[in-house]
Structures are given as structure tokens and as C-alpha cells.
Amino acid sequence: MKVIVVSDTHGSIEHLPGILARHSHAAAFHCGDFCYPREQVPAFTYVRGNCDSDMDVPEEKVTELGALRIFQTHGHAYGVKQNAMRLRYRAMEEQANLVLFGHTHEITAIQENGILYVNPGSLLLPRSYFLPTYALLTVEEREGGVQVEVSFRSPEGKKQPKLERTFILPSAVRN
């Protein structure tokens with residue numbers, strides 16, 4: 001199954017229809033600072049970022065998708081620009097095995113203590129990488145766990161070389 005992750009579009013929807021059309025996907029997540037009316041691109045599961053004014057959008061959300069328990073947040077409320085400690089604690093509280101976040105505009109794919117943290121970068125204002133990016137996750141359930149391949153893509157869908165990684169996660173704990 002494929003999962004699309006975007007963040008920090010700051011009012012630009014230019015690339016979103018193409019990204020959604022390009023990849024057959026089970027889910028699409030926007031990790032905040034969308035800054036446009038959600039009705040323009042309703043296919044995403046949204047969380048509110050520090051620049052968003054739509055108070056009907058939650059600051060965080062938990063979604064169960066197959067063997068994944070996904071904790072989605074923008075990250076500003078957890079101080080992700082300083083360090084990830086508060087985000088880690090919240091992910092553990094939620095028993096997540098996948099965390100999707102934004103705010104830093106920097107691509108991230110790291111695994112720690114059975115939890116995969118993914119930041120897709122920004123489709124408008126990238127930092128620490130020369131192109132705007134989004135993430136495409138390819139998820140395959142396996143006995144006792146789940147394999148997640150994370151690739152970062154340009155707005156046109158081109159896979160960015162040397163940024164693809166594969167992780168093996170434990171299956172999510174169900175409450």
C-alpha cells in the first residue's frame with residue numbers, strides 16, 4: 001500500500017492534484033501549514049499547523065491503517081525545531097509506530113525504539129535540501145511487523161537519489 005505525506009505548502013496547492021493522481025494510494029496526509037481552504041483538496045487527512053487558521057482542524061490525529069498506528073502532527077506544539085524529545089514521548093503515549101510531522105521544512109526519516117519518524121520536507125519552502133519535496137511511503141505487512149520504504153520525491157514525482165530508506169517496524173499495538 002502507498003501513503004502520500006506532504007507538509008508546509010503555505011497556501012500553494014499547485015502540485016497537490018498531480019501528486020494525488022500520480023500515485024495510487026491508500027491514504028494521503030497533510031502535516032499542517034496548508035493555509036488554504038481544505039475543500040480545495042479534500043483528499044488529505046489534515047492537521048493544523050502554527051500558520052493555519054482553520055480551528056476545525058485538530059492539531060494532532062491518530063489513524064490506524066493496517067499494521068500502522070500513525071500519529072500525525074505539525075510539530076510546533078512539540079518543539080521539533082529544538083529537539084524531538086516531546087514528540088517521542090507523545091508518540092509513545094499514543095502507541096504509534098509511525099509519526100508524521102512537519103514544521104521544520106527538513107526531510108527526515110529515522111527510526112528509534114520501533115517508531116518511524118517521517119517529515120516530508122516542504123513543497124514550497126524547503127530547508128536543508130535544494131528541492132521542494134513530499135514523501136511516498138510503500139508499506140508491506142509482514143509476519144510480526146511491517147516494512148516501510150520511504151522515498152522523497154520532487155513535486156513532479158521524481159525520486160530523489162540516495163534519500164530512499166527501508167525500515168522494519170513492529171506491528172502497532174491495538175487498544
Side-chain angles (χ1 to χ4, degrees), residues 1-49 52 57-58 60-75 91 94 96-102 105-111 114-124 126 129 131-172 174:
M1 116 177 100
K2 304 270 190 206
V3 175
I4 296 169
V5 186
V6 304
S7 191
D8 297 284
T9 52
H10 292 276
S12 174
I13 65 167
E14 176 184 359
H15 301 292
L16 299 180
I19 290 168
L20 291 166
R22 183 177 304 120
H23 306 287
S24 175
H25 57 281
F29 296 91
H30 196 303
C31 295
D33 282 1
F34 48 93
C35 307
Y36 57 79
R38 288 176 295 140
E39 299 78 27
Q40 290 182 345
V41 191
F44 286 96
T45 298
Y46 289 92
V47 290
R48 187 173 69 245
D52 294 315
V57 177
E60 58 187 47
K61 185 167 181 56
V62 174
T63 303
E64 293 189 359
L65 186 64
L68 296 174
R69 184 168 171 88
I70 303 166
F71 175 66
Q72 176 189 6
T73 185
H74 185 58
E94 291 292 348
N97 59 355
L98 175 61
V99 174
L100 305 177
F101 70 103
H105 297 217
E106 297 177 358
I107 57 175
T108 304
I110 58 170
Q111 182 179 356
I115 303 171
L116 175 58
Y117 299 83
V118 175
N119 184 327
S122 172
L123 277 170
L124 188 67
Y129 194 68
L131 283 176
T133 53
Y134 66 96
L136 182 65
L137 282 55
T138 304
V139 181
E140 183 181 322
E141 292 188 33
R142 298 177 167 230
E143 190 173 321
V146 59
Q147 176 178 299
V148 181
E149 176 188 287
V150 180
S151 65
F152 294 97
R153 309 284 179 120
S154 71
E156 298 75 31
K158 185 172 192 259
K159 192 182 289 189
Q160 297 305 291
K162 300 181 183 175
L163 296 180
E164 183 175 85
R165 294 201 44 207
T166 301
F167 302 88
I168 304 295
L169 307 176
S171 292
R174 301 288 182 215

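Any value given below was found using the heavy atoms of this structure, including those in side chains, with hydrogens, waters and symmetry copies removed.
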| remark: Heavy-atom nearest pair, Tyr134 first then Ser154, reads CE2-O, 3.0 Å

| task | State the NE2-CG distance between His74 and Leu100, to the nearest 0.5 angstrom. | result | 13.5 Å

| said: Apply side chain to side chain contact (heavy atoms under 4.5 Å, CB included) to residues Val41 and Phe34 and explain how you reach the verdict. | reply: CA-CA 10 Å; Val41 191; Phe34 48 93; over 6 Å; no

| field | Sub-4.5 Å side-chain heavy-atom contact between Val5 and Cys31 | value | yes

| task | Of all the heavy-atom pairs spanning Ala135 and Pro120, show the shortest one and how long it is. | result | N-CB, 3.6 Å

| task | Could you tell me whether the side chain of Arg153 reaches within less than 4.5 Å of the side chain of Ile19, counting heavy atoms only? | result | no

| message | Give me the atom names and distance for the closest heavy-atom approach of Arg165 to Ala109. | response | NH1-O, 3.5 Å

| query | Between the main-chain N or O of Glu94 and the side-chain N or O of Arg69, is there a donor-acceptor pair closer than 3.5 Å? | reply | yes

| query | Going by the angle between their ring planes, with limits at 30° and 60°, are Tyr36 and His30 parallel, tilted or perpendicular? | reply | perpendicular

| request: Taking Gln72 for its side chain and Thr45 for its backbone only, find out whether a donor-acceptor pair lies under 3.5 Å. | output: yes

| query | Between Phe152 and Thr108, which heavy-atom pair has the shortest distance, and what is it? | reply | CZ-O, 3.5 Å

| Roughly how far, to the nearest 0.5 Å, is the CG atom of Leu98 from the CD atom of Gln111? | 10.5 Å

| said: Test your reading of the model: is there a side-chain donor-acceptor pair from Glu141 to the backbone of Ala67, 3.5 Å cut-off? | reply: yes

| Can you tell if the side chain of Phe29 reaches within under 4.5 Å of the side chain of Thr63, non-hydrogen atoms only? | yes

| message | Keeping Arg38 on the side-chain end and Phe44 on the backbone end, is there a donor-acceptor pair under 3.5 Å? | response | no

| Heavy-atom check, side chain of Leu68 versus side chain of Asn97, under 4.5 Å | yes

| query | In chain order, what residues pass the side-chain hydrogen bond (donor to acceptor under 3.5 Å, both in side chains) check against Gln160, with sequence neighbours excluded? | reply | Tyr129

| query | Does the side chain of Val148 come within less than 4.5 Å of Val118's, by heavy atoms? | reply | no

| query | Looking only at heavy atoms, which two atoms of Pro170 and Gly114 are closest? And how far apart? | reply | CD-O, 3.5 Å

| said: To the nearest 0.5 Å, what is the distance between NE2 on His10 and NE2 on His105? | reply: 3.5 Å

| request: Determine the minimum heavy-atom distance between Gly102 and Ser7, stating which atoms define it. | output: CA-OG, 3.4 Å

| request: Could you grab the distance from atom CD1 of Ile4 to atom NE2 of His25, nearest 0.5 Å is fine? | output: 4.5 Å

| query | Does the side chain of Leu124 come within less than 4.5 Å of Asp8's, by heavy atoms? | reply | no

| Can you find a heavy atom in the side chain of Asp52 that is under 4.5 Å from one in the side chain of Tyr46? | no

| field | Close side-chain approach of Leu163 and Ile107, heavy atoms under 4.5 Å | value | yes

| query | In Å, rounded to the nearest 0.5 Å, how long is the span from CZ of Arg48 to CG of Asp33? | reply | 11.0 Å

| message | Rounded at 0.5 Å granularity, tell me how far CG in Leu123 sits from OG1 in Thr133. | response | 6.5 Å

